[in-house]
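Worksheet for the structure shown next.
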Amino acid sequence: MASNFSIQPVGRFAGPSQPVKRPKEFACFSYDENHEFHLGDRSMKWYYTPRLGADLSKGFNSFQKHDDSRDEHLDSLLRTIVAHERETGQKIDANVVTWRGMMTKILATPFEQNDGFEMNATLYQGCIFIEESHEHKMATRRQEAQRPPRRGGPPQEVMQFWGYKFETLSTLPATWDETSREYIESREDQVVNNKEQYCSVVRTGIGKAILYLGGEVDAIWDSKPQEPGAPINWVELKTSAEIRNPGDLDNFHRKLMKYWIQSFLLGVPKIVVGFRTRDGILVDINEIETHRIPDTVKARPNPRWDGNMCVNFAAAFLDWLMKSVNDEGVWRIRRRPHSPVIEVFRVEETGHGNILTEEFKNWRIKL
Ligand code: A3P
Ligand code: MG
Ligand code: MG
């Protein structure tokens, strides 16, 4: 039994935005330099302006790269939710629990044709839990690896490294005055390690759906506020090729859609873009306020996307999903590249696959 949600015509999602709740962080967790899980903010980083002229390829050979061939499901997110529920003695009031990355794909759908997606979902105690299909993620990865690099350009792995290198160049492990001079001066020689991450877990809402999302944040501008739920001055770090002509600018405005979606879902107010040459030399830095992005893009002659339509699409899709995923088992949520629909169909009739951990289910049975 399959059902489809129509993406086309996207014009029906135009108009004022459905309500969006301001995301509030209610918990956080960290992966350390070995990718071991810890509750709390030990891997949080502080933003510190990098030096222009830095070579983003430097240190590629000593890159401590996270091996993501193991399927991590929702494990860390569920662990964090269990810890939070133990503390409060109450079940969270979510309609949907997932990684921020899954919601980014959904919001981008009306304006994205080339990238499909596959997710697994299960209904448990009235809430839908959504994970990425690991199989699909690995297949996409293999396809991307086969794409030849730009002629005369660096290999893809090096280009991917640039993003992580930029993070290392732009962050400190503590506030500026708590960080040693040696560290600050040797930032360009620090080993780049993407096993280490700080993840924020927020409560937010789109349309009628209450969402609990987990996602990585790259850095903080100053310090966390004392009051729980107060806005946090997070910083999202991005690298992009320097803009040399109108075509480059057009591409950049297209990329801004994903930057914007990814950041506003977690309540990240600022994006710092490091512009680089085609050879990976950092040449410019631009600070962008997340909330201004949709209007900036709309003010251009031929806008490629519309923020309200992304939100309205997601609100309508989530509303429909909450009616469609109405029984136990494992459901697949799939969008094939260029397809005018998102398909939802059941792939397992009973149970919850590996989406939910034993720890989570055991805890919820007792609660
Ligand atoms: P850039 O986005 O600067 O290229 P994020 O920006 O989400 O914090 O991710 C940090 C870096 O991880 C990216 O830096 C990029 O190098 C790499 N990365 C993230 N998503 C990726 C994807 N889908 N494919 C390849 N690399 C990715
Ligand atoms: Mg990141
Ligand atoms: Mg980033």
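Counting starts at 1 for both ligands and their atoms, following the listed order.
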Extract all N/O-N/O pairs under 3.5 Å that connect ligand 1 to the protein, and present each with both atom names and the distance rounded to 0.1 Å.
{"unit_1": "ligand 1", "atom_1": "3 (O)", "unit_2": "Thr239", "atom_2": "N", "d": "2.7"}
{"unit_1": "ligand 1", "atom_1": "3 (O)", "unit_2": "Thr239", "atom_2": "OG1", "d": "2.9"}
{"unit_1": "ligand 1", "atom_1": "4 (O)", "unit_2": "Thr239", "atom_2": "OG1", "d": "3.4"}
{"unit_1": "ligand 1", "atom_1": "6 (O)", "unit_2": "Glu236", "atom_2": "OE2", "d": "3.1"}
{"unit_1": "ligand 1", "atom_1": "6 (O)", "unit_2": "Lys238", "atom_2": "NZ", "d": "2.7"}
{"unit_1": "ligand 1", "atom_1": "7 (O)", "unit_2": "Gln262", "atom_2": "NE2", "d": "3.0"}
{"unit_1": "ligand 1", "atom_1": "8 (O)", "unit_2": "Glu167", "atom_2": "OE2", "d": "3.3"}
{"unit_1": "ligand 1", "atom_1": "8 (O)", "unit_2": "Asp218", "atom_2": "OD1", "d": "3.3"}
{"unit_1": "ligand 1", "atom_1": "8 (O)", "unit_2": "Asp218", "atom_2": "OD2", "d": "3.3"}
{"unit_1": "ligand 1", "atom_1": "8 (O)", "unit_2": "Glu236", "atom_2": "OE2", "d": "3.3"}
{"unit_1": "ligand 1", "atom_1": "12 (O)", "unit_2": "Tyr164", "atom_2": "OH", "d": "2.9"}
{"unit_1": "ligand 1", "atom_1": "16 (O)", "unit_2": "Gln160", "atom_2": "O", "d": "2.7"}

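The side-chain tip of Arg254 does not point at the ring of Trp305 from less than 6.0 angstrom away and within 45° of straight on.
A salt bridge is defined here as a Lys NZ or Arg NE, NH1 or NH2 lying under 4.0 Å from an Asp or Glu carboxylate O, and Glu196 with Lys45 meets this definition.
Aromatic ring pairs are classed by plane angle as parallel below 30°, tilted from 30° to 60° and perpendicular above 60°; the pair Phe63 and Phe60 is tilted. Between Trp320 and Phe5, the ring planes lie tilted relative to each other; the angle falls in the 30° to 60° range.
If you check the side chains of Glu144 and Thr140, you find no donor sitting under 3.5 Å from an acceptor. Looking at Thr122 and Trp331, their side chains never bring a donor and an acceptor atom within 3.5 Å of each other. Residues Arg364 and Gln125 have side chains that bring a donor and an acceptor to within less than 3.5 angstrom of each other. No side-chain donor from either of Glu131 and Trp99 sits under 3.5 Å from a side-chain acceptor of the other.
For the Mg ion (ligand 2), the neighbouring protein N/O/S atoms at less than 2.8 Å, given as residue and atom, are Glu216 OE1, Asp218 OD1.
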*Determine, stepwise, if the pair Gln18 / Asn312 fulfils side chain to side chain donor-acceptor pair (under 3.5 Å).*
CA-CA 6 Å; Gln18 289 288 309; Asn312 293 340; 4.6 Å; no

